[in-house]
Amino acid sequence: MGILDGLNDKQYEAAAHVDGPQLIIAGAGSGKTRVLTHRIAYLIDACDVNPYNIMAITFTNKAAGEMRERVDRMGCFGAESVWVMTFHSTCVRILRRYIDRIGYDTNFTIYDSDDSKSLMKAVFKKLKIDPKFLKEASVLREIGRAKDELLGPTEYEEKYMADFSKRQYVECYKEYQTQLRNNNALDFDDLIRMTVYLFKDCPDVLDSYQERFKYIMVDEYQDTNTAQFELVRLLASKYRNLCVVGDDDQSIYKFRGANIMNILNFEKVYTDAKVVKLEQNYRSTPAILNAANAVIQNNKGRKDKALWTDREEEELVKIKKFPTGLDEAREVVAEMCKRNSKGIAPFGDNAILYRTNAQSRVFEEQLVREGVPYKLVGGVNFYARKEVKDLLAYLKAIDNAKHDLQVKRIINVPKRGIGDTTVQKVQDFADDNRMDFYEALTLAEQIPGLNKAAAKLVNFTEMISHFRETLREKGIAATFKELLADTAYEEEIIQADEENSEDRLQNINELFSKVVAFEEENPEGTLSEFLEETALVSDLDSLDENVSAVTLMTIHSAKGLEFPSVYLVGMEDGVFPSYMTINSESEEDLEEERRLAYVAITRAQDRLQISYATSRMIRGETQYNPKSRFLREIPAKYCEGETGAGDDYTAAKTSTYLGTATRSKAMDELHANPYALKPGFVPKKRQGLYGNKSVSQSKPVTFQTGAALAVGEKPAYEEGDRVRHIKFGEGTVFSIVKGPRDYQVTVDFDQAGRKIMYAAFAKLQKI
DNA sequence: CGTACTAGTCTTTTT
DNA sequence: GACTAGTACG
């Protein structure tokens with residue numbers, strides 16, 4: 001039978017195992033997705049399993065999407081009815097149907113971390129807790145941890161009854177959960193937890209899902225937390241056809257509750273489990289693989305394994321040392337430019353990986369300066385940006401007036417003279433009369449003490465109900481358009497005229513495109529369904545591999561991805577491993593960090609460069625850190641360039657930089673002033689304690705930015721013209737349309753694709 | 001009620 | 001250094 005042809009022996013063994021529990025230990029790059037998809041095909045075609053009875057669970061939407069695509073491509077009959085989803089979306093799906101069985105309304109809302117934080121603030125206020133004494137974030141972290149461990153407020157209280165120091169956490173947790181329930185809302189962690197409760201409380205519901213999911217597969221099993229483990233255990237307990245895939249060496253989410261014991265103890269929980277190890281790596285060169293193995297071998301609690309490859313040796317791992325973080329960024333970008341122009345590697349082959357998001361900035365600045373296209377993953381999630389959240393809040397308020405938090409968010413955005421005191425009066429009235437905030441708003445004229453504000457509130461509710469009418473009659477996109485027009489939201493951004501105005505307008509356009517796309521794809525789709533889609537996506541999900549641009553992201557985000565050429569930067573003790581783990585004295589924390597290093601190294605296919613800097617600006621101060629201990633763990637025989645230990649400043653001391661440090665401000669200047677970077681512009685030299693050889697070599701920028709137009713002024717280019725943009729590079733003007741306030745220009749960029757922008761902000765240059 | 005300034009926090013990673 | 005929340009003042 002041909003379904004499993006082309007798999008190696010181990011892969012075959014794993015894919016052909018059908019009944020009973022199975023643990024697949026899949027090393028980095030060992031083809032685990034391949035095994036999973038082939039196993040699904042095997043179940044359907046060779047074992048006559050109904051595709052409807054197969055479930056594959058992943059952590060990210062991106063992984064789910066890829067799996068979906070590959071399953072569909074196997075071409076098995078009925079493959080589209082295989083359930084391929086993330087943990088979170090699976091739970092939402094189940095809860096929307098059955099959560100009323102445990103006392104919630106099925107049209108519950110999902111709170112993101114921002115919402116949770118606002119709610120916690122309200123909790124503090126109510127309990128009269130001084131935020132200086134206790135941090136909202138730390139309480140939320142504690143609650144999240146409790147929820148990951150399936151401890152509700154009551155269980156949590158019981159467990160820590162004797163612990164006086166947890167007293168306030170208990171109070172906060174109880175109040176927080178009460179308020180969530182009052183708002184008919186669930187936070188992220190509740191999604192999993194409530195599904196587990198539902199299954200435990202309602203055996204008939206559990207049974208129906210056990211009958212549905214007779215064959216269960218879990219990807220990235222090493223990242224499961226206790227709640228997720230329990231969820232899977234319950235679902236699989238009837239038929240016991242549970243196949244989990246993971247790699248204990250890539251467990252890097254302990255801080256989020258992941259319990260590495262779930263994978264290490266799998267064989268103890270399922271004593272009859274079949275265990276298969278995939279150790280052949282199809283991704284990296286021997287040098288890269290050996291380096292990775294050498295590092296991870298320093299960890300103790302791990303399943304014994306060693307990846308191998310039959311690839312030919314090509315290049316050794318490159319180790320580079322730089323005087324400063326700025327030099328590092330400059331040289332890395334220069335190297336990529338060189339390799340690109342020589343035709344060795346297009347920009348899209350490269351990834352820059354770092355420990356923390358904050359490290360991306362220097363690289364961004366250099367990439368912008370050199371006109372290199374790049375994709376930045378992480379930082380602020382698209383749906384978490386202020387303007388996007390504002391507009392989504394409008395849509396949520398239009399969709400369902402019970403979204404108190406959302407209504408309050410936008411009641412005075414843009415400014416319409418409704419202040420905190422007014423809001424508080426309305427809230428008090430609502431509390432006294434036991435009604436929703438929005439309901440109270442509609443009765444503004446009956447609320448005592450509002451005076452002039454009442455009329456403003458009436459205007460607001462009338463506007464919302466008008467939008468509701470539009471929604472019913474003309475659909476989501478039309479409502480969105482009207483929303484923009486009536487609230488003059490964009491005008492406010494244009495008027496404020498901040499340096500990121502253009503980005504913000506662009507985000508609005510992007511959100512609008514998403515609305516339009518949703519409506520086109522789901523002609524019958526409701527606004528609620530659209531909003532649901534936006535609740536569970538991350539920045540990573542939008543990463544487009546078809547665009548040839550350098551990728552910048554944290555190592556965490558890079559898990560599961562691969563790149564021909566990887567630059568692993570900031571390899572210094574105190575940066576990576578982070579300051580926190582070095583000081584924590586806990587060997588476990590350091591081991592988690594080492595696994596992170598392992599993940600980073602194994603992302604590289606053909607070429608890996610690891611670099612560190614003697615001094616580096618962190619949070620406004622210059623730090624001198626020694627080379628990373630992980631770097632020292634790589635034997636010199638796999639490397640070229642700087643190797644060995646102890647060739648640099650080893651006393652990890654911190655000192656504040658003297659003199660006026662001229663931090664590179666390329667980005668800021670580009671946004672603030674279109675003339676800031678003229679060809680030939682050379683940044684001010686940075687004079688530090690260390691001689692800085694490369695500063696004076698700074699190349700002129702490769703592009704010129706266009707002049708700023710006044711809002712509404714006709715641009716100097718026409719349809720069909722070739723133009724250049726600061727960020728997106730070159731493109732062709734598709735259309736120029738005169739909008740109500742300004743010309744809207746649509747450009748098809750060679751790299752970045754089609755963008756719609758306002759002429760006054762785009763600063764396009766005809767070429 | 002809105003604005004302008006100040007002080008404090010953040011930085012480990014995020015579905 | 002950058003962002004945010006909080007405060008004082010008009």
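Values below: all heavy atoms of this structure, side chains included; hydrogens, waters and symmetry mates excluded. Proteins come first, then strands; the chains are lettered A, B, ... in the order of their sequence lines, and each starts at number 1.
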In whole angstroms, the gap separating P of B:dT13 from CD1 of A:Ile252 amounts to 12 Å

When rounded to whole Å, the CZ to C1' distance for the pair A:Arg256 and B:dT12 reads 13 Å

key: Ring-on-base stacking B:dT13 with A:Phe255 (under 5.5 Å, under 30°)   = yes

Sorted by chain and number, sequence neighbours left out, side chain to side chain contact (heavy atoms under 4.5 Å, CB included) with A:Ser89 holds for A:Met85, A:Thr86, A:Leu536

* Asked: Heavy atoms under 4.0 Å, any strand shown: does A:Asn357 hit a base, just sugar-phosphate, or nothing?
  -> sugar-phosphate

Applying side chain to side chain contact (heavy atoms under 4.5 Å, CB included) to A:Met261 and not counting sequence neighbours gives A:Asn259, A:Leu264, A:Asn265

Separation of C:dG6 atom P from A:Phe124 atom CZ, nearest Å, is 12 Å

DNA chain B nearest-nucleotide lookup for A:Ile418 and A:Asp189: closer to the 5′ end is A:Ile418

DNA chain B nearest-nucleotide lookup for A:Asp420 and A:Ser578: closer to the 5′ end is A:Asp420

In whole angstroms, the gap separating P of C:dT4 from NZ of A:Lys389 amounts to 13 Å

* Counting any heavy atom closer than 4.0 Å, what does A:Asn412 reach on the DNA or RNA strands: base, sugar-phosphate only, or nothing? -> sugar-phosphate

A:Arg616 atom CZ is separated from C:dG1 atom C1', nearest whole Å, by 15 Å

Report task. Give one of base, sugar-phosphate or nothing for A:Thr86, where a contact means two heavy atoms less than 4.0 Å apart. Result -> nothing

Check your understanding: Do the charged groups of A:Arg96 and A:Glu532 touch, with an N to O distance under 4.0 Å?
Key -> yes

inquiry  = What's the gap between C:dG6 and B:dT11 when it is taken at their C1' atoms, as a whole Å value?
reply    = 22 Å

Residues at least two apart in sequence or cross-chain that pass side chain to side chain contact (heavy atoms under 4.5 Å, CB included) with A:Thr109, listed by chain then number, are A:Tyr111, A:Ala185, A:His403

A:Lys254 NZ to B:dT12 C1', in whole Å, measures 13 Å

What are the atom names and distances for every N/O pair under 3.5 Å that joins the protein to nucleotides 5-11 of chain B?
{"residue": "B:dT11", "atom": "O2", "partner": "A:Arg619", "partner atom": "NE", "Å": "3.3"}

Pick base, sugar-phosphate or nothing for A:Thr581, based on heavy-atom distances below 4.0 Å to the nucleic acid.
nothing

Side chain to side chain contact (heavy atoms under 4.5 Å, CB included) test vs A:Phe87 passes for just one of A:Val218, A:Asp223, A:Leu191, A:Val92, namely A:Val218

**Study point:** B:dT12 to C:dA5 separation - C1' atoms, rounded to the nearest Å
**Key:** 24 Å

Hits for side chain to side chain contact (heavy atoms under 4.5 Å, CB included) against A:Asp114, two or more places apart or cross-chain, chain-then-number order -> A:Asp112, A:Lys389

Between CG of A:Leu596 and P of B:dT13 the distance, given in whole Å, is 11 Å

A:Lys117 NZ to B:dT14 C1', in whole Å, measures 16 Å

### Any A:Ser557 side-chain nitrogen or oxygen under 4.0 Å from OP1 or OP2 of B:dT14
yes

Requested in this report: Specify whether A:Phe363 and A:Tyr354 have parallel, tilted or perpendicular ring planes, treating 30° as the upper limit for parallel and 60° as the lower limit for perpendicular.
Outcome: parallel

For A:His88, the ring pair (Phe, Tyr, Trp, His ring centres under 6.0 Å) test, sequence neighbours excluded, returns A:Phe188

